[in-house]
> 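One structure, pasted below without further comment.
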Amino acid sequence: MPRLLLTGANGFVGKILTPRLQRHGFHVTAVSGTNIADQSTADVQVVCDINDAHSLAAVVRETAPTHVVHLAAVSHVPTSFIQPLQTWQTNVMGSLNLLEAIRTHAPNAFVLFSSSSEVYGGAFQLGEPVNEDTQCLPLNPYAASKVAAESAFREYFRQGLDGVIARPFNHIGAHQSHDFVTASFARQIALIEADKQAPILKVGNLDARRDFLDVQDVCSAYLALLDLTGNTEYPRCLNIASGHSRRIGEMLDALLAQSIVQIDVQLDPARLRPSDIPVAAGNSDALRKATNWQPAVPIEKTLSELLDYWRKKICHEAIIS
Ligand code: GDD
């Protein structure tokens, strides 16, 4: 049975990806920087900060993975402005700690690195959905750190490591932190409906446009990429995108349309960013050609499930408090 080591296993994507990997036939060692997750189904759970090179090397040595999926990162753009050192340290040096551990203890492993569409930054201004040949022009510390980490992966690939860099566009769904836009809006609606927030929904830049995918579709793409192990006939860097951008205001309207309460929308200047990409859309022809992947979940369904998730969560929190 192939053995897969997953970093960031306790995060939004990691929690959803773990059972999908297991159903795909992997024995999963879930590595997280925080506590062991209560409800994780992982075969083995390990608490290890990727910034701790020594402990991480021991985990890789003991696991002897055939596959690695690297999700662990500081992933919130505003946080990366406030804590740039932690962002660079975790996203770049954490990745290098992992790469060195793999080079030393699991040199034949296939490695999937989850980068980000944020790397394109200023290049989105071209207007077209960007492809992998588009120049990277990062506009924030998070994006710049992902470009640097990609560079590290490319160097290890050049030296013979097998693997791929994925550039997922915005992915959303239940369990995502309300630091991110759709979760923030859905949570506020649920709080207002439960009479736990005044009927004023705070927002940032509603004019920005993003290429949204359901998190399950991104997990499907990761599984398809893992199936490329041993195949050298595909690009080493692949977008995961729908190809269409949606206005943040349109996502808000779709969520508000599902609520019967009267809600006012108010701009919260604290939610505006020093720099924000106005329009992001990705071309994922290369991924579709390499794997036949395509998105399967309509975003309307994702948004509806997201709001239900937050309604249940707020209701549950009210019962136990
Ligand atoms: N978070 C947040 N909260 N964003 C808001 C809000 C709000 O109240 N109101 C408007 N926005 C706008 C932001 O300014 C941005 O233009 C857009 O909504 C999306 O913000 P986020 O959900 O925070 O995501 P992101 O685009 O910055 O980054 C996400 O996607 C990347 C992939 O493209 C993150 O998940 C990154 O980790 C990921 O790499």
Side-chain angles (χ1 to χ4, degrees), residues 8 11-14 16 70-82 87 90-91 113-121 123-124 129-130 134 136 138-147 149-150 165-173 175-189 191 197 200-215 217-218 221-222 238-256 263 265-284 299 302-303 306 310:
F12 165 50
V13 181
I16 293 161
H70 180 36
L71 301 180
V74 174
S75 63
H76 184 230
V77 171
T79 299
S80 77
F81 280 106
I82 298 162
T87 304
T90 303
N91 296 0
F113 170 53
S114 175
S115 179
S116 168
S117 61
E118 276 284 322
V119 296
Y120 295 114
F124 282 120
V130 297
T134 306
C136 290
L139 290 176
N140 54 66
Y142 165 71
S145 73
K146 285 289 188 180
V147 173
E150 282 193 8
I165 295 166
R167 288 179 177 165
F169 283 62
N170 294 56
H171 35 305
I172 59 172
H175 302 282
Q176 188 174 30
S177 155
H178 60 88
D179 283 341
F180 299 95
V181 67
T182 54
S184 166
F185 293 171
R187 176 174 176 268
Q188 291 186 70
I189 293 172
L191 284 168
Q197 176 173 323
I200 298 168
L201 192 150
K202 302 254 174 85
V203 300
N205 178 10
L206 294 183
D207 288 325
R209 301 180 69 94
R210 291 288 184 276
D211 185 328
F212 285 99
L213 288 168
D214 189 284
V215 63
D217 280 330
V218 173
Y222 289 161
L238 292 157
N239 286 342
I240 306 176
S242 77
H244 309 287
S245 72
R246 291 169 194 260
R247 192 173 167 269
I248 301 301
E250 176 192 333
M251 303 293 274
L252 173 61
D253 289 344
L255 286 165
L256 286 172
I263 297 175
V265 173
Q266 193 177 84
L267 176 70
D268 173 5
R271 290 171 187 250
L272 298 174
R273 300 179 179 184
S275 53
D276 200 6
I277 293 165
V279 181
N283 175 319
S284 57
I299 281 299
T302 310
L303 290 175
L306 179 66
W310 279 103

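Counting starts at 1 for both ligands and their atoms, following the listed order.
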> Does N205 reach the main-chain N or O of L272 with its side chain, forming a donor-acceptor pair under 3.5 Å?
no
> Are any non-hydrogen side-chain atoms of F212 and D217 less than 4.5 angstrom apart?
no
> Measure the shortest side-chain to side-chain distance between M251 and V181 over non-hydrogen atoms and say whether it is less than 4.5 angstrom.
no
> Look only at the side chain of R210 and the backbone of I277, and say whether a donor-acceptor pair between them is shorter than 3.5 Å.
yes
> Does D179 have any salt bridge (charged side-chain N to carboxylate O under 4.0 Å, His left out) partners at least two apart in sequence or in another chain, and if so, which?
none
> Which protein N or O atoms sit under 3.5 Å from any N or O of ligand 1? Give atom names and distances.
residue	atom	partner	partner atom	Å
ligand 1	1 (N)	D179	O	2.7
ligand 1	8 (O)	R271	NH1	2.8
ligand 1	9 (N)	G204	N	2.9
ligand 1	14 (O)	D276	OD2	2.6
ligand 1	16 (O)	R210	NH2	3.1
ligand 1	16 (O)	D276	OD1	3.0
ligand 1	16 (O)	D276	OD2	2.9
ligand 1	20 (O)	R273	NH2	3.3
ligand 1	22 (O)	V181	N	2.8
ligand 1	23 (O)	R273	NH2	2.7
ligand 1	24 (O)	N170	ND2	3.4
ligand 1	26 (O)	N170	ND2	2.9
ligand 1	26 (O)	R210	NE	2.9
ligand 1	27 (O)	R273	NH1	2.6
ligand 1	30 (O)	N170	ND2	3.3
ligand 1	33 (O)	S117	OG	2.5
ligand 1	33 (O)	N170	OD1	2.9
ligand 1	37 (O)	S75	O	2.6
ligand 1	37 (O)	Y142	OH	3.2
ligand 1	39 (O)	S116	OG	2.6
ligand 1	39 (O)	Y142	OH	2.6

> Rounded at 0.5 Å granularity, tell me how far CZ in R246 sits from CG in D211.
9.0 Å
